[in-house]
2 protein chains.
Amino acid sequence: MAGRPREFDRNEALAKARDVFWSRGYEGVSMADLVSTLGLASARIYAAFGSKEALFREAVELYDAEEGGFATRAIAEEPTAQLAIERILREAVETYTRKGRPHGCMVVLAATNCASENEGVREWLEGYRRRRTASLVERLERAVEDGELKPETDARILGDYYATVLHGLSVQARDGVPRSRLLATIPTVMLAVCSAAYPRSFPRAT
Amino acid sequence: MAGRPREFDRNEALAKARDVFWSRGYEGVSMADLVSTLGLASARIYAAFGSKEALFREAVELYDAEEGGFATRAIAEEPTAQLAIERILREAVETYTRKGRPHGCMVVLAATNCASENEGVREWLEGYRRRRTASLVERLERAVEDGELKPETDARILGDYYATVLHGLSVQARDGVPRSRLLATIPTVMLAVCSAAYPRSFPRAT
DNA sequence: GTTATTCTTTATCGATCGACAAAGAATGGA
DNA sequence: TCCATTCTTTGTCGATCGATAAAGAATAAC
């Protein structure tokens with residue numbers, strides 16, 4: 001098990017693929033685009049990654065483990081649901097509006113409209129979105145159990161709400177709405193979870 | 001100026017094109033798809049509409065004049081900003097989750113990820129989204145002037161917020177989140193404008 | 001060295017993409 | 001009736017799509 005060693009950095013190529021798929025989506029990037037972006041002949045790309053679709057899926061996994069993983073990290077690290085959600089919103093805006101980087105969320109934008117033959121890719125990304133919603137709901141349920149949020153709080157409604165806002169932020173960022181304007185909406189967005197908590201530190205909305 | 005009369009209903013064909021573009025997006029629909037969906041040879045489609053892109057633009061205009069026009073109608077018809085926004089949210093959810101119809105908003109979903117050669121189409125749809133945001137901001141500014149909302153209200157932040165939620169609802173609906181769950185989030189979404197109004201009829205959020 | 005294995009290079013493959021040319025058919029106006 | 005105009009039919013265009021075959025080059029195991 002030896003063979004000729006690969007002459008390019010696979011991780012580097014994968015990162016380039018992630019960026020171009022993030023920018024223009026799965027169907028918006030052709031093999032010719034990948035050849036020029038990665039600087040590799042198509043046969044080399046196929047040898048290393050298998051197919052355009054397999055490369056895309058690996059690119060999404062990389063995105064989700066790095067830039068896209070802020071929600072998982074915030075939920076794991078913040079002591080309360082309110083702090084977790086505020087951090088998620090702030091980091092979402094920052095991640096989605098970084099200079100020199102693609103705007104919006106790759107998981108939301110890279111395969112929303114698909115040809116019927118690529119419906120499988122769309123559904124696979126939908127799974128990522130559903131899981132993010134589920135993790136928000138789960139964290140909010142825990143906050144109700146912990147007594148952080150009022151017992152009459154419906155965690156699923158609240159989780160659906162924050163999933164909706166996060167999805168909307170991607171579209172807004174992709175449309176070029178500046179970071180400052182998106183950050184400015186966060187106190188308004190926080191009203192929901194704060195009003196489900198016992199009155200303490202309300203944000204000044206609007 | 002006479003010539004052979006057209007043998008098919010142009011409006012009917014346009015409605016079919018709108019539906020398939022709404023379902024799968026501009027790039028997700030091929031001319032072969034249009035030929036089979038409209039039941040017309042490609043030369044007939046070109047004769048009637050000019051090009052795939054011209055047909056798409058006409059289809060979006062039709063969408064915006066009918067299904068997609070609920071925001072314009074609500075703003076024109078409702079006496080207060082709060083009533084207008086609540087109606088917009090409700091009709092958005094209803095429009096985006098109608099049985100047997102494509103889910104989500106055509107303007108949001110039909111060209112979010114585009115090949116570089118179709119960037120013009122994406123920007124054109126972005127214009128529709130920006131105008132919707134602007135009309136929300138404008139209505140909220142008027143509400144501040146009218147005294148419906150507190151004078152310290154920042155109408156642009158609030159308008160950006162509702163634009164974000166509306167964009168997010170499209171993604172949620174496309175992902176198959178059921179109507180009942182999306183409707184259930186509306187009281188939470190209404191918290192923002194209600195807290196900018198003088199205390200009266202607050203929704204029971206969560 | 002020999003062999004098995006893997007990567008690189010080069011040149012394509014058939015399918016599909018959006019679009020159109022040319023000829024025939026149906027209308028209104030002269 | 002004949003013409004100008006417009007639509008319909010048929011066939012196909014060059015470009016691009018994702019993907020691969022075949023041959024040469026570089027490694028490790030033996």
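Letters go in sequence order (proteins before strands), and every chain restarts at 1.
- Comparing Glu7(B) and Ala43(B) by the nucleotide of DNA chain C that holds the closest heavy atom to each, the one mapping nearer the 5' end is Ala43(B).
- Rounded to an integer number of Å, the gap from NZ of Lys52(A) to P of dC17(D) is 9 Å.
- Cation-pi geometry between Arg131(A) and Tyr128(A) is met: the NZ or CZ atom falls under 6.0 Å from the ring centre, inside 45° of the normal.
- Close to dA19(C), at under 4.0 Å from its OP1 or OP2, lies a side-chain N or O of Tyr46(B).
- For the pair Arg174(A) (side chain) and Ser23(A) (backbone), a donor-acceptor distance under 3.5 Å is present.
- Of all nucleotides listed (dG18(D), dT6(C), dC17(D)), dC17(D) comes nearest to the side chain of Ala32(A).
- The CG atom of Leu40(B) sits 14 Å away from the P atom of dT10(D) (whole-angstrom rounding).
- Regarding Arg10(A), its CZ atom lies at a distance of 16 Å from the C1' atom of dT8(C), rounded to whole Å.
- A close approach under 4.0 Å does not occur between any side-chain nitrogen or oxygen of Arg4(B) and OP1 or OP2 of dT5(D).
- Per the geometry, CG belonging to Leu55(A) stands 13 Å off C1' belonging to dG18(D), to the nearest Å.
- Contact annotation: Ser30(A) does not reach the phosphate of dT16(D) (side-chain N/O to OP1 or OP2, under 4.0 Å).
- Interatomic distance, CG of Leu34(A) versus CZ of Arg44(A), reported as 14.0 Å (0.5 Å rounding).
- The CG-C1' distance, from Asn118(B) to dG18(C), rounds to 11 Å in whole Å.
- Regarding Ile45(A), its CD1 atom lies at a distance of 13 Å from the P atom of dT20(D), rounded to whole Å.
- When rounded to the nearest whole Å, the span between CZ of Phe8(A) and P of dT6(C) equals 15 Å.
- Side-chain atoms of Glu148(B) come within 3.5 Å of backbone atoms of Gln82(B) as a donor-acceptor pair (strictly under, hydrogens ignored).
- Going from atom CD of Glu117(B) over to atom C1' of dA15(D) covers 11 Å, rounded to whole Å.
- Within 4.0 Å (heavy atoms only), Arg6(A) reaches sugar-phosphate atoms of the nucleic acid but no base atom.
- Among the protein residues, Val35(B) comes within range of no part of the nucleic acid, since none of its heavy atoms lies under 4.0 Å from any strand.
- The aromatic rings of Tyr26(A) and Phe56(A) sit tilted, their planes meeting at an angle between 30° and 60°.
- Of all nucleotides listed (dT27(C), dC17(D), dT10(C)), dT27(C) comes nearest to the side chain of Pro5(B).
- Residue Ala47(B) is the one, among Ala47(B) and Asp33(A), whose nearest nucleotide of DNA chain D lies closer to the 5' end (criterion: closest heavy atom).
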